[in-house]
Amino acid sequence: MKISLINPNLSGDVSILDMGLTYLATYINERTKHKASIIDFTFHRKNWQKHLEAQIKKYQPQVIGITCTSLYMHYVKLMAASVKVKFDLPVVAGGYHASLETEATLAIKDIDAACIGDGEYALADYLDALEGKRGFDGIDGMWVKDKGKIIRNRIVPPIQDIDSLPLPNYDLWEDIDEYLFFNNLLYFIGNRCCPYSCSYCSELPMRQRIPGKHFRRRDPAAFAREIKHQYGKYKDRHMRMAHTFDPVFTFDLDWLKSFGDEYRAIGMDRELPISCFSRGDLIDDERIKAFAGAGGRIVRIGVEAGNYHIRKDIYDKDITNEQFIEGVATCKKHGLAITGYYILGGPGESKATLQDTFDFAKLLDVHRPVFFIYQPLPKTKAREKLLELGGEVELDKMDNIDCLHHASAIRTKQLKPSTVMFFQYKCFVYFIGKRVLRLLLKQKFRLFKNFIVYFVRGRRNNVPLWYTVAYFLICCEENAHG
């Protein structure tokens with residue numbers, strides 16, 4: 001059978017190159033008798049319905065899959081409805097939201113099935129059942145509507161041997177060259193899932209929903225060779241960096257050293273720099289030295305809040321301000337750039353705690369501070385804490401929010417959405433102003449020349465001005481560093 005997998009991104013965010021869809025489509029194509037394609041709307045927002053129709057006519061799928069994240073569910077509903085009205089195809093949902101809110105996902109009239117957890121095996125079995133016109137009982141990890149009832153099959157542990165999966169084929173993305181142009185990097189994953197339980201994140205609810213071991217590791221040497229393989233394909237197509245999407249890349253020092261040994265042995269440390277995520281309590285001299293020695297250039301750290309009480313008691317992240325100060329200093333000592341992520345307007349926040357975050361960001365003085373607005377993801381502990389502390393979610397506003405970058409629908413006892421958004425603007429003016437000044441001093445006229453090229457291509461691809469400016473500053477800083 002033929003299946004088309006939809007990335008329902010109508011937000012305009014040019015960074016949403018979904019790895020899960022890529023792994024899934026690659027597995028279907030290389031390990032089963034079925035065929036998968038990917039339909040993406042990132043650069044087709046304004047004519048998404050025509051694009052959907054054209055892509056379905058091109059690929060001729062017999063089934064449609066849609067990846068579901070909570071902030072994109074209003075887009076998922078639009079696309080599922082359009083598929084049903086125009087083509088009357090079965091629609092199967094997957095991803096975090098479908099896994100955590102399975103009943104609510106299947107309550108959407110245009111969705112026929114929902115995959116819970118890893119989708120490679122479950123989707124293959126589902127396609128086998130459709131093709132063979134047999135029942136849907138016994139398809140592990142898949143709940144299916146059938147004759148007015150829901151068949152709730154067994155929820156099974158995640159795939160443990162992730163080295164057994166084929167390398168993701170990013171050429172399945174028709175607009176892969178646009179992604180590479182706007183981001184200058186490709187995504188990789190060496191360790192799936194996260195061993196920590198931050199309250200704002202969906203990792204803990206996923207562990208509670210799905211049995212078995214969640215934190216799984218690639219063979220570090222094989223992972224290094226995967227990066228080399230992809231770089232060989234895309235090095236002449238604006239790929240300037242490998243961004244590892246492991247939630248905590250520096251978690252295991254021995255794994256990190258083994259990866260670095262192989263990355264150097266195959267000469268990649270001199271070819272392609274690496275960006276990674278880490279934690280403030282997993283940044284020490286030995287880890288950062290190992291990362292920098294393997295071609296590491298950027299460390300991305302979730303600081304979340306400048307107020308220790310908010311960070312520890314609300315977000316369940318017990319890392320002190322002193323640990324962050326020491327970690328940032330260690331990164332700078334080894335010549336690494338640092339991205340610091342902050343959350344504004346979460347449970348229990350006040351004007352005073354927001355100011356604490358602003359002041360701490362000034363003190364840390366990381367290379368690129370990013371200020372997200374808190375969004376209450378389903379089943380997370382932070383959402384529960386928000387309600388316990390007398391906060392509320394303005395549901396009508398939530399339906400129009402599709403990212404963490406702007407817009408708030410949260411009221412705490414001391415903050416309303418407009419206050420949080422105004423404070424975010426204050427952060428932008430101060431910190432982006434510093435960033436632009438630094439770039440002007442370093443790149444001078446070249447900065448304007450590069451921005452014109454970037455801006456024109458953004459207009460041509462219907463990228464909103466906000467994302468055009470934001471990702472230009474990210475790309476030109478990361479490429480200019482060092």
Side-chain angles (χ1 to χ4, degrees), residues 11-16 69-72 198-201 300-311 314-315 317 321 324 338-377 380 382-383 385-386 389 391-439 463-475 477:
S11 71
D13 189 335
V14 297
S15 71
I16 312 299
T69 57
S70 298
L71 296 181
Y72 283 1
C198 302
S199 68
Y200 51 81
C201 180
R300 305 176 186 236
I301 310 168
V303 183
E304 321 313 354
N307 183 283
Y308 178 59
H309 159 67
I310 296 293
R311 189 187 308 127
I314 300 298
Y315 294 140
K317 198 166 191 172
N321 285 9
F324 280 111
I338 310 110
T339 297
Y341 297 101
Y342 301 88
I343 302 173
L344 304 177
E349 284 254 57
S350 64
K351 289 182 179 180
T353 63
L354 290 179
Q355 188 61 42
D356 288 341
T357 294
F358 183 90
D359 293 340
F360 192 53
K362 287 177 64 177
L363 176 65
L364 287 181
D365 193 26
V366 301
H367 188 245
R368 180 166 60 95
V370 178
F371 297 90
F372 293 132
I373 288 181
Y374 170 74
Q375 306 296 352
L377 298 178
T380 56
R383 186 183 182 115
K385 292 180 182 184
L386 173 72
L389 293 170
E392 62 179 286
V393 182
E394 297 184 356
L395 297 177
D396 57 329
K397 289 185 178 179
M398 278 300 301
D399 287 340
N400 296 313
I401 293 176
D402 58 14
C403 70
L404 305 175
H405 301 294
H406 50 78
S408 173
I410 304 303
R411 285 184 179 270
T412 71
K413 282 189 173 181
Q414 298 189 50
L415 295 175
K416 55 186 179 180
S418 59
T419 305
V420 176
M421 292 163 64
F422 179 80
F423 191 85
Q424 187 192 43
Y425 296 149
K426 170 185 173 180
C427 295
F428 286 162
V429 169
Y430 179 82
F431 290 101
I432 292 179
K434 284 185 62 177
R435 195 185 314 171
V436 171
L437 180 60
R438 182 172 65 245
L439 287 167
V463 179
L465 180 61
W466 156 256
Y467 284 115
T468 300
V469 173
Y471 284 107
F472 171 75
L473 291 174
I474 292 169
C475 290
E477 277 191 307

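Qualifying salt bridge (Lys or Arg N to Asp or Glu O under 4.0 Å) partners for E394, counting only residues two or more places apart in sequence or in other chains: K397, R411. Taking the side chain to side chain contact (heavy atoms under 4.5 Å, CB included) definition, one finds that T380 meets it with S202, P205, L377, R383, sequence neighbours left out. Take V370 and apply the side chain to side chain contact (heavy atoms under 4.5 Å, CB included) test, not counting sequence neighbours, and it matches T339, Y341, R368, F372. Not a single ring-ring contact (aromatic ring centres under 6.0 Å, His included) links Y374 to another residue, sequence neighbours left out. Evaluation of the side chain to side chain contact (heavy atoms under 4.5 Å, CB included) rule for A407 yields I401 as partners, not counting sequence neighbours.
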Requested in this report: Under the side chain to side chain contact (heavy atoms under 4.5 Å, CB included) rule, what do Y72 and C403 come out as? Steps first, then yes or no, please.
Outcome: CA-CA 8 Å; Y72 283 1; C403 70; 5.9 Å; no
Report task. Show the numbers, then the answer: is there a side chain to side chain donor-acceptor pair (under 3.5 Å) between D13 and Y471? Result -> CA-CA 9 Å; D13 189 335; Y471 284 107; 2.7 Å; yes
Query raised in the report: Run the side chain to side chain contact (heavy atoms under 4.5 Å, CB included) check on F324 and F360 step by step: do they pass?
Result: CA-CA 10 Å; F324 280 111; F360 192 53; 3.9 Å; yes
Query - side chain to side chain contact (heavy atoms under 4.5 Å, CB included) assessment of I314 paired with E304 - result: CA-CA 10 Å; I314 300 298; E304 321 313 354; over 6 Å; no
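In this structure, CG on L344 lies 6.0 Å from CG on L354, to the nearest 0.5 angstrom. Of the inter-residue distances, the one linking D399 atom CG with L71 atom CG reads 11.0 Å to the nearest 0.5 angstrom. To the nearest 0.5 Å, atoms CG (L364) and CD1 (I301) are separated by 8.0 Å.
Looking at R435, its side chain never comes within 3.5 Å of a backbone N or O of H367 through a donor-acceptor pair. At distances below 3.5 Å, not a single donor-acceptor pair connects side-chain atoms of D356 with backbone N or O atoms of A305. Judged by distance alone, the side chain of T468 and the main-chain N or O of P464 form a donor-acceptor pair under 3.5 Å. A donor-acceptor pair under 3.5 Å is absent between the side-chain atoms of K317 and the main chain of V303, judged by distance alone.
Nearest heavy atom pair, residue T419 against residue L415, reads CG2-CD2, 3.8 Å. Contact record, V366 with I338: CB-O, 3.6 Å, taken as the closest heavy-atom pair. In terms of heavy-atom proximity, K413 sits nearest to L389 at CE-O, 3.4 Å. Annotation for P347 and A382: closest pair CG-O, 3.3 Å, computed over non-hydrogen atoms. Here the shortest heavy-atom pairing between V420 and G345 reads CG2-CA, 3.8 Å.
Looking at L363 and N321, their side chains never come closer than 4.5 Å, going by heavy atoms from C-beta outward. Proximity of V393 to I410: side-chain heavy atoms (C-beta onward) are separated by under 4.5 Å at one or more points. Proximity of L473 to V469: side-chain heavy atoms (C-beta onward) are separated by under 4.5 Å at one or more points. Contact annotation: the side chain of Y315 never approaches that of C198 to less than 4.5 Å [non-hydrogen atoms, C-beta and beyond].
In this structure, a donor-acceptor pair under 3.5 Å is absent between the side chains of Y200 and Q375.
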Show me the donor-acceptor pairs within less than 3.5 Å that the side chains of residues 421-432 make with the rest of the protein, sequence neighbours left out.
residue, atom, partner, partner atom, Å
Q424, NE2, F371, O, 2.9
Q424, NE2, H405, O, 2.5
K426, NZ, Q355, OE1, 2.9

